[in-house]
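Each remark here refers to the structure printed beneath this line.
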Amino acid sequence: MQVEYTSEQRQIQPKLAGSNINPDSFLATDYLNHFNEIVMLMEMIPDMPELIEEAAEWTPKSYRQHFEESGFQAKDLAIQAYQIAPSVFKAPFERTCTDMQSIIKTTVDGLVSVNVVERGMSPAAQHLIRTRIETLQDHLMVLNQLIHGKIDTLAVIATQDTPQEDVQSQEEIDKLFD
């Protein structure tokens, strides 16, 4: 797919090339750190349920908010580029980020509410969190592709409508411990 860049986008592209911001997508891999940290923490929860308390402190950050609070050297340029990023990359990127935030929140909130710290992790709960982690890792791969200016139609389509059956209700999560 050929991307049609606006004159404003073409003007900023040379600045992006030397700044660790992809000049095709206008996105920076540094934003993935926001998700990588929580996914790594969630990976440890089945063996160390007490980490759920730390995971519960994680809060979603927008792309802009992440860079405003980061030590990324070209953070102002990253924010500026994101504002004018081509929609062919930005729209699926934002959709995938929203899906990830929802999966993380429902998983962590569910595990907190059933008190896995005291009750421990049942095999069903361990399976649930591992399945969610796999889904999050798949989403991270999609984000990485988009950041690097790759439009994998199947990956983008797969994230357009995240199946809601994966996002279980609190009642269904409670049943994992009964």
Side-chain angles (χ1 to χ4, degrees), residues 20-22 25 27-67 69-70 72 78 82 85 88-117 119-177:
N20 207 17
I21 302 166
N22 187 285
S25 70
L27 303 171
T29 56
D30 191 78
Y31 184 66
L32 295 180
N33 293 335
H34 176 59
F35 290 110
N36 285 331
E37 293 169 6
I38 186 66
V39 171
M40 288 177 15
L41 185 60
M42 289 173 70
E43 288 174 328
M44 295 186 282
I45 291 172
D47 298 320
M48 301 168 61
E50 65 276 8
L51 291 177
I52 194 66
E53 293 169 351
E54 188 176 335
E57 294 174 10
W58 181 87
T59 55
K61 290 183 183 178
S62 69
Y63 191 90
R64 178 184 189 99
Q65 186 179 18
H66 169 78
F67 283 101
E69 297 173 6
S70 81
F72 188 71
Y82 185 73
V88 69
F89 299 110
K90 188 175 180 180
F93 181 85
E94 289 179 340
R95 191 171 38 251
T96 304
C97 290
T98 299
D99 289 348
M100 289 184 71
Q101 292 167 356
S102 176
I103 293 166
I104 292 165
K105 181 145 180 57
T106 58
T107 303
V108 171
D109 288 353
L111 294 173
V112 166
S113 70
V114 295
N115 197 7
V116 296
V117 173
R119 294 172 77 179
M121 296 283 291
S122 70
Q126 289 177 348
H127 176 73
L128 169 72
I129 194 165
R130 287 187 175 116
T131 300
R132 299 275 177 94
I133 290 166
E134 287 174 16
T135 301
L136 291 168
Q137 290 168 336
D138 290 344
H139 280 55
L140 281 168
M141 287 191 321
V142 170
L143 291 179
N144 193 45
Q145 286 179 335
L146 292 166
I147 289 168
H148 286 92
K150 294 178 177 68
I151 304 171
D152 180 329
T153 308
L154 294 175
V156 173
I157 290 170
T159 61
Q160 286 179 349
D161 295 310
T162 301
Q164 289 303 306
E165 66 263 10
D166 185 53
V167 182
Q168 297 175 335
S169 70
Q170 185 58 49
E171 183 178 311
E172 290 167 321
I173 292 172
D174 289 343
K175 288 179 186 175
L176 295 175
F177 293 90

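Using a 4.5 Å cut-off on side-chain heavy atoms (C-beta onward), His34 and Met100 make no contact. Leu27 is not listed as a side-chain neighbour of Asn22, based on a closest heavy-atom distance of 4.5 Å or more. In this structure, Trp58 and Lys105 have side chains that are not in contact, with every pair of non-hydrogen atoms separated by 4.5 Å or more. By the 4.5 Å heavy-atom criterion applied to side chains, Met121 and Ile129 are counted as neighbours. Between Leu41 and Ile38, the closest side-chain pair of non-hydrogen atoms falls below 4.5 Å. In this structure the side chain of Phe93 reaches within 4.5 angstrom of the side chain of Tyr63, judged on heavy atoms. Side chains of Leu136 and Ile104 form a contact here, defined as non-hydrogen atoms less than 4.5 Å apart.
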With side-chain contact (heavy atoms from CB on, under 4.5 Å) as the test, would you mind laying out the steps for His148 and Thr29 before giving the verdict? CA-CA 8 Å; His148 286 92; Thr29 56; 3.4 Å; yes
Checking side-chain contact (heavy atoms from CB on, under 4.5 Å) for the pair Leu146/Ser25: CA distance, chi angles, key distance, verdict? CA-CA 7 Å; Leu146 292 166; Ser25 70; over 6 Å; no
Hey, mind stepping through Thr96 and Asp99 against side-chain contact (heavy atoms from CB on, under 4.5 Å) and telling me if it holds? CA-CA 5 Å; Thr96 304; Asp99 289 348; 5.5 Å; no
What do the steps show when you test Val112 against Asp109 for side-chain contact (heavy atoms from CB on, under 4.5 Å), and what is the final call? CA-CA 5 Å; Val112 166; Asp109 288 353; 5.6 Å; no
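Nearest heavy atoms, Pro46 versus Arg130: CB-NH2, 3.4 Å. Here the closest heavy-atom approach between residue Cys97 and residue Leu143 is recorded as SG-CD2, 3.9 Å.
Looking only at atom types and distance, the side chain of His66 has a donor-acceptor partner in the side chain of Asp30 under 3.5 Å away.
Rounding to the nearest 0.5 angstrom, the gap separating the CZ atom in Phe72 from the CG atom in Asn33 is 10.0 Å. Going from atom CZ of Arg132 over to atom NE2 of His127 covers 10.5 Å, rounded to the nearest 0.5 Å. Taken from CE in Met44 to CD in Glu54, the straight-line distance is 7.0 Å, to the nearest 0.5 Å. For the atom pair CG of Leu111 and CD1 of Ile45, the computed distance is 6.5 Å after rounding to the nearest 0.5 Å. Annotation: the span from Glu69 atom CD to Lys61 atom NZ amounts to 4.0 Å, rounded to 0.5 Å. Separation of atoms CZ (Phe35) and CD1 (Ile103) is listed at 10.0 Å; rounding is to 0.5 Å.
For the ring pair (Phe, Tyr, Trp, His ring centres under 6.0 Å) test, no residue two or more places apart in sequence or in another chain qualifies with Phe89.
Few gaps surround CD on Glu50; more than 12 heavy atoms of other groups in view lie less than 6.0 Å from it.
Looking only at distances, no side-chain donor or acceptor of Ser102 sits under 3.5 Å from a matching main-chain atom of Thr98.
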